[in-house]
Amino acid sequence: MGDSLIPIILASSGPLIIGSIDGLSETLANFLKFFSGRRSDRLKNRKGFALFGYGLSGLGRISLFISVSGLVFSYGN
């Protein structure tokens, strides 16, 4: 959906900005994996973390769909 447009928009930004954004996102993902894994090990509740993660992913996809379809609707009228 809208994810495929992001590289096209960023292509005019230059390699430094694209590399910085990618590095920042990878760093954040690794920190979140580390801390959520550590928390999961301490609480011994892995199922709850998995359900929360999948639910959050589903909500993100739904919100992306709504935002993109809202833009399409507003441009269509």
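Any value given below was found using the heavy atoms of this structure, including those in side chains, with hydrogens, waters and symmetry copies removed.
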Original post:
Just wondering, are more than 12 heavy atoms of other shown residues or ligands nearer than 6.0 Å to CZ in F52?
Top reply: no
Subject >> Greater than 12 external heavy atoms within 6.0 Å of R39's CZ >> reply: no
**OP:** Quickly, which of D22, L28, L24 forms a side chain to side chain contact (heavy atoms under 4.5 Å, CB included) with E26? Name it, please.
**Re:** D22
Subject >> Flag, side chain of S63 to backbone of L59, donor-acceptor distance under 3.5 Å >> reply: yes
Original post:
Taking only residues two or more places apart in sequence, or in another chain, which ones meet L16 in a side chain to side chain contact (heavy atoms under 4.5 Å, CB included)?
Top reply: S20
Original post:
How long is the span from the CD1 atom in I62 to the OG atom in S57, to the nearest 0.5 Å?
Top reply: 9.5 Å
Original post:
How far does CG of N30 sit from CZ of F35, to the nearest 0.5 angstrom?
Top reply: 11.5 Å
